[in-house]
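Data first, discussion second: the structure below is written as structure tokens.
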Amino acid sequence: MTTLITNIKQLLQVRENHIEKVSGKEMADLPLIENAFLLLQDNLISNFGSMENLPKINPDKTIDATGKIVFPAWCDSHTHIVYAGNRVQEFVDRINGLSYEEIFNRGGGILNSAKKLNETPEEILYQESKLRLEEVMQQGSGAVEIKSGYGLTVESELKMLRVIKKLKENFPVAIKATFLGAHAFPSEYKENHAAYLDLIINEMLPKIAQENLADYIDAFLETGYFSIEETEKILEAGKKYGLPAKIHVNQFTAINGIEACVKHEALSVDHLEIVTDEDIEILKNSMTMPVALPSCSYFISIPYTPARKMLEAGLPLALASDFNPGTTPSGNMNFVVATACIKMKMTPEEAFNAATINGAYAMGISETHGSITKGKRANIIISKPVTSFYQLPYQFGTDLIDNVIIEGKIIR
């Protein structure tokens, strides 16, 4: 089936040739075509250009995008959308003065979600997670990474990853699965970290590999969670099963964790609310993508990733939602992009690059997603009539999406 989109006010993120990512000053450049057309053939981008160069074709469907912006669907490279229930009470606890760490230390946070997930049957967990995935698709996400990590037992981690696999099979979005057994130490292993590491490495990982349930491995490398030494053991074990690393790091403290991640060739380092000059130097000239999660900072009132400092140092940066029940109960990438502009002082061009091509890189799918390039997946957002794409982050509380196309099919 061919779909022709005509009279596009601005066609964004146009890349004639494939690029993996953009960094530093390059992020301020968002290539676009004014008064453009875009041709989709089945599930791929077939052609694009200015309306004056529109070839004679007879498409199966034509969409008139007069006054509208068209750009690649968001690539959300960090989510936890497979979870059970919610943590509404903790939201109220924080309003009443408790910190995230205080809530965790009294059995809340990740351990609270793990308790609920252990008690939830797999089919119910799938149905709850399915609704969240459908929601973010409607909001324009065409690719999502989903982590386990709320199981913390062999069976429950496998249950989460099986749910992610089922979502992969039943939905057209690109989904990458990340094993995050090292999200927190269960209460029974609080004083015996070595035993839980043994459980992850010698029981969880072999079974995950046997069922081919994960694409990546992750750990919460942070004070009070997993140390550098513990994280390195997990990363080494992941390598043996062909699982590259995507690591939570520098959310609350900087403990030289980024150096270890780069040493182990992590695909991404995520959070980075606290970033030192040394961290920036280590990330320079590495293949590791820094990923900021601004709606997490917004929701739990912690510092924002210092985007300006990082970009001025020449680093790339991706944006992701961190959709999870405790610190970011939203996967709305439109809000993520707006928050990055408003609170992190990223320009709209930088934010769009961070949430499309760089987000795709942080998921390992930049060859197929994240830009308007011939042969890439037909994952497209069409805005409502706007003055320019700047209006999307400016009007942050308004839904300015008209259509979402995933794999060539209109889903909204």
Side-chain angles (χ1 to χ4, degrees), residues 13 15 18-30 72 74-79 141-147 174 176-178 180 215-221 231 235 238-239 243-251 254 257-276 279-294 296 304-322 333 336-337 340 344 346 349-371:
Q13 193 58 282
R15 306 279 179 178
H18 167 67
I19 61 166
E20 289 190 325
K21 60 182 177 178
V22 286
S23 306
K25 292 179 180 178
E26 295 173 340
M27 290 192 64
D29 179 26
L30 184 66
W74 307 123
C75 297
D76 189 352
S77 66
H78 184 128
T79 84
S141 288
V144 292
E145 180 259 19
I146 308 175
K147 303 177 188 293
K176 291 292 187 177
T178 298
L180 179 55
D215 301 295
Y216 299 109
I217 194 165
D218 196 349
F220 192 3
L221 202 178
T231 300
L235 299 192
K239 284 180 188 176
L243 300 179
K246 288 171 58 65
I247 303 297
H248 287 62
V249 66
N250 284 46
Q251 182 174 3
I258 287 176
E259 183 175 15
C261 296
V262 170
K263 182 177 77 173
H264 287 273
E265 300 178 324
L267 177 61
S268 72
V269 284
D270 302 29
H271 273 291
L272 310 180
E273 287 86 352
I274 309 297
V275 179
T276 67
D279 291 330
I280 288 174
E281 287 303 313
I282 289 164
L283 285 166
K284 283 182 180 178
N285 303 315
S286 78
M287 298 303 291
T288 300
M289 174 65 70
V291 180
L293 312 171
C296 175
Y304 288 87
T305 302
R308 290 262 52 88
K309 182 177 182 180
M310 296 167 72
L311 296 181
E312 286 164 9
L315 295 182
L317 188 63
L319 292 170
S321 74
D322 194 24
M333 284 295 289
V336 169
V337 167
M344 292 163 56
M346 294 179 72
E349 289 87 350
E350 290 167 342
F352 271 70
N353 274 321
T356 55
I357 190 66
N358 282 3
Y361 180 93
M363 291 179 65
I365 59 170
S366 59
E367 287 192 4
T368 53
H369 293 73
S371 68

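Computed from a predicted model, the values in this text were never measured in an experiment.
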Run the side chain to side chain contact (heavy atoms under 4.5 Å, CB included) test on L319 and M346 for me, step by step, so that the C-alpha distance in whole Å, both residues' side-chain angles and the decisive distance to 0.1 Å come before the verdict.
CA-CA 11 Å; L319 292 170; M346 294 179 72; 4.2 Å; yes

Side chains of L235 and K263, heavy atoms from C-beta outward: is any pair under 4.5 Å?
no

Is any side-chain heavy atom of C261 closer than 4.5 Å to one of L221?
yes

Show your working on side chain to side chain contact (heavy atoms under 4.5 Å, CB included) between I258 and L283 and close with a plain yes or no.
CA-CA 8 Å; I258 287 176; L283 285 166; 3.8 Å; yes

CG-OG1 distance between L293 and T305, expressed to the nearest 0.5 angstrom
6.5 Å

Please check this pair: side chain of D215 against backbone of A177, looking for a donor-acceptor N/O pair closer than 3.5 Å.
yes

Heavy-atom closest pair, residues A320 and V291
CB-CG1, 3.9 Å

Please tell me if the side chains of K25 and E350 come closer than 4.5 Å, counting only heavy atoms from C-beta onward.
no

Can you name the closest pair of heavy atoms from A362 and A318 and give their distance?
CB-CB, 4.4 Å

Quick one: list whatever passes salt bridge (Lys or Arg N to Asp or Glu O under 4.0 Å) with E312, sequence neighbours left out.
R308

M27/V22 under side chain to side chain contact (heavy atoms under 4.5 Å, CB included): CA gap, chis, key distance, verdict
CA-CA 6 Å; M27 290 192 64; V22 286; 3.7 Å; yes

Look up atom CD1 in I217 and atom NE2 in H264, then write down how far apart they are to the nearest 0.5 Å.
11.5 Å

Do D270 and M289 have side chains that get closer than 4.5 Å, going by heavy atoms?
no

What closest approach, in Å, do E273 and C296 show between heavy atoms, and which atom pair accounts for it?
OE2-SG, 4.4 Å

Might you work through the side chain to side chain contact (heavy atoms under 4.5 Å, CB included) test for Y361 and L267, ending with a clear yes or no?
CA-CA 8 Å; Y361 180 93; L267 177 61; 4.0 Å; yes

Closest non-hydrogen atom pair between S77 and K246, with its separation:
O-NZ, 3.3 Å

Does a donor on one side chain sit under 3.5 Å from an acceptor on the other, for N353 and Q13?
yes

Could I get the full list of side chain to side chain donor-acceptor pair (under 3.5 Å) partners for T178, not counting sequence neighbours?
E145

Examine the side chains of D76 and T79 and answer whether a donor and an acceptor come within less than 3.5 Å of each other.
no

Sequence neighbours excluded, the answer for side chain to side chain contact (heavy atoms under 4.5 Å, CB included) partners of I274 is A254, P303

Just how far is it from atom CD of E367 to atom NE2 of H18, taken to the nearest 0.5 Å?
4.5 Å

Going by ring pair (Phe, Tyr, Trp, His ring centres under 6.0 Å), name the residues that satisfy it together with H369, two or more places apart in sequence or in a different chain.
none

Is it the case that atom NZ in K239 sees more than 12 heavy atoms from other parts of the structure closer than 6.0 Å?
yes

CG of D29 to CD of E349: how many Å apart, nearest 0.5 Å?
8.5 Å

Determine the minimum heavy-atom distance between S141 and M333, stating which atoms define it.
OG-CG, 3.6 Å

Would you confirm whether T288, through its side chain, and A266, through its main-chain N or O, come within 3.5 Å as a donor-acceptor pair?
yes

Would a distance-only check, ignoring hydrogens and angles, find a side-chain to backbone donor-acceptor pair under 3.5 Å from Y216 to M363?
yes

Taking only residues two or more places apart in sequence, or in another chain, which ones meet D218 in a salt bridge (Lys or Arg N to Asp or Glu O under 4.0 Å)?
K147

Under 3.5 Å donor-acceptor, N250 side chain and V275 backbone:
no

Parallel, tilted or perpendicular: rings of H78 and H271 (30°, 60°):
perpendicular

Closest non-hydrogen contact found for L272 with P306 is O-CD, 3.5 Å

Measure the shortest side-chain to side-chain distance between V336 and D322 over non-hydrogen atoms and say whether it is less than 4.5 angstrom.
no

Is there a side-chain contact between M310 and P290, using heavy atoms and a 4.5 Å cut-off?
yes

Using side-chain heavy atoms (C-beta onward) and a distance below 4.5 Å, is K21 in contact with I357?
no

From CD (E259) to OG (S286), nearest 0.5 Å
12.0 Å

Hey, what do you get for CG (N358) to OG (S371), rounding to the nearest 0.5 Å?
11.0 Å

What I'd like to find out is whether the side chain of F220 reaches to under 4.5 Å of the side chain of I247, using heavy atoms alone.
no

The criterion is side chain to side chain contact (heavy atoms under 4.5 Å, CB included); which residues satisfy it with K284, sequence neighbours excluded?
I280, E281, A313, L315

